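One structure is given here, and the rest of the page talks about it.
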Amino acid sequence: MRMRGMMLFAWGLLALATVAFVFALYARHAATKEPPLPVMGTVDMPFQFTNQWGETISRDTFNGKVWVAYFFFTRCPSVCPTMNRNAIDVQREFANNPEVLIVGFTVDPENDTVAQLKKWAEKHGAQRGKWHFLTGDRETLYKLSREIFKLGVEPGDDAHTIVHSDRLVLIDRQGRIRGYYSGMDKNAVQQLLQDIYRVLEE
């Protein structure tokens, strides 16, 4: 009986030690876990545009998805080529994850026709269903940029016909804006990739 009692006591100590170890691991994880990304706005404006494949893409297309949005135009001589090259990193990282989408809204819809956007998409290796380049009504595009994404877009000069933001914007599954990142900065794009993973885990 005494031996049995000692064994039960030993097993009890082991169980307590295991519980303490698991609790310590949980506490350490909780202490080091990063706080959630801030909510900076909501993309709640309905829209309907046409992508490079002639498909109708609406706000509903992005429901329940994590997506990265930005504004560009194919004739842009400065920031757009770099922004689009850096957006390739997002596509490459999440090529096999249907939960992550990318969308580029043109700010020059008169020139960025479906045919022109298709050439642009092919140039950047856009994956069908993953990376949309959208064109449509100028007024709606500009309202989306200025009022919803809070990104400026204005007429330029002879050298830069349209002035617009270089920001890539992270939107979560609920349509909430969770971050802005310079599309010109490789380090910022790497941070964007990390933050996409964080939002996916929410």
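Here the structure is a predicted model, which means the values were calculated and not measured.
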* To do: Working to the nearest 0.5 Å, report the span between OG1 of Thr50 and CG of Leu134.
  => 8.0 Å
* Asked: Would you say Asn86's side chain and Gly183's backbone share a donor-acceptor pair under 3.5 angstrom?
  -> yes
* Cut-off 3.5 Å, side chains only: do Asn84 and Trp120 have a donor facing an acceptor? -> yes
* Asked: How would you list, by chain and number, every residue that makes a salt bridge (Lys or Arg N to Asp or Glu O under 4.0 Å) with Lys186, sequence neighbours excluded?
  -> Asp89
* Structure fact -> In this structure, CG of Leu192 is separated from CG of Asp185 (nearest 0.5 Å) by 11.5 Å
* Look at atom NZ of Lys65 and say whether more than 12 heavy atoms of other residues, nucleotides or ligands are closer to it than 6.0 Å. => yes
* Asked: Quick one: are the ring centres of Phe105 and Phe72 less than 6.0 Å apart?
  -> no
* Answer yes or no: are there more than 12 heavy-atom neighbours, outside Lys130 itself, under 6.0 Å from its atom NZ? => yes
* Asked: With no hydrogens and no angle check, do the side chains of Thr135 and Asp112 hold a donor and an acceptor under 3.5 Å apart?
  -> no
* Tell me whether Val43 is reachable from Leu151 by hopping between hydrophobic residues (I, L, V, M, F, W, Y) whose side-chain heavy atoms are closer than 4.5 Å. => yes
* Asked: Can you list every pair that meets salt bridge (charged side-chain N to carboxylate O under 4.0 Å, His left out) and has a residue in residues 35-60, with sequence neighbours left out?
  -> Glu55-Arg128
* Quick one: ring pair (Phe, Tyr, Trp, His ring centres under 6.0 Å) pairs with a partner in residues 79-101, sequence neighbours left out? -> Phe94-Tyr197
* Any donor and acceptor pair, going by atom type alone, linking the side chain of Gln91 with main-chain N or O of Gln127 inside 3.5 Å? -> yes
* Asked: Out of curiosity, Leu117 CG to Trp53 CH2, how far, rounded to the nearest 0.5 Å?
  -> 10.5 Å
* Is a side-chain donor-acceptor pair under 3.5 Å present for Asn187 with Gln191? -> no
* Determine yes or no for a side-chain-to-main-chain donor-acceptor pair under 3.5 angstrom, with Arg146 supplying the side chain and Val153 the backbone. => yes
* Asked: How long is the span from the CG atom in Asp108 to the CG atom in Asn111, to the nearest 0.5 Å?
  -> 4.0 Å
* **Lys119: side-chain contact (heavy atoms from CB on, under 4.5 Å) partners, not counting sequence neighbours** => Gln116
* **Salt bridge Asp195-Arg178, side-chain N to carboxylate O under 4.0 Å** => no
* Asked: Which value, rounded to the nearest 0.5 Å, describes the distance between Ile177 atom CD1 and Asp172 atom CG?
  -> 9.5 Å
* Residue pair Tyr142, Arg138: steps toward the side-chain hydrogen bond (donor to acceptor under 3.5 Å, both in side chains) verdict -> CA-CA 6 Å; Tyr142 276 49; Arg138 169 184 280 268; 2.8 Å; yes
* Asked: For Phe62, what residues pass the ring-ring contact (aromatic ring centres under 6.0 Å, His included) criterion, not counting sequence neighbours?
  -> Trp67
* Asked: How long is the span from the CZ atom in Phe47 to the CD1 atom in Ile57, to the nearest 0.5 Å?
  -> 9.0 Å
* Asked: In terms of heavy-atom contacts, does CD of Glu122 have more than 12 from other residues, nucleotides or ligands at under 6.0 Å?
  -> yes
* Could you tell me whether a side-chain N or O of Arg198 sits under 3.5 Å from a main-chain N or O of Pro35, the two making a donor and an acceptor? => yes
* To do: Kindly check if the number of other-residue, nucleotide or ligand heavy atoms within 6.0 Å of CG (Asn63) is above 12?
  => yes
For residues 163-170, dump all side-chain donor-acceptor pairs below 3.5 Å to protein atoms at least two apart in sequence or in another chain.
unit_1 : atom_1 : unit_2 : atom_2 : d
His164 : ND1    : Phe71  : O      : 3.2
Ser165 : OG     : Arg167 : N      : 3.0
Asp166 : OD2    : Ser182 : OG     : 3.3

* To do: Spell out, as yes or no, whether a donor-acceptor pair under 3.5 Å connects the side chain of Gln52 to the backbone of Trp131.
  => yes
* Candidates Thr56, Thr61, Thr140 - the one meeting side chain to side chain contact (heavy atoms under 4.5 Å, CB included) with Phe49 -> Thr140
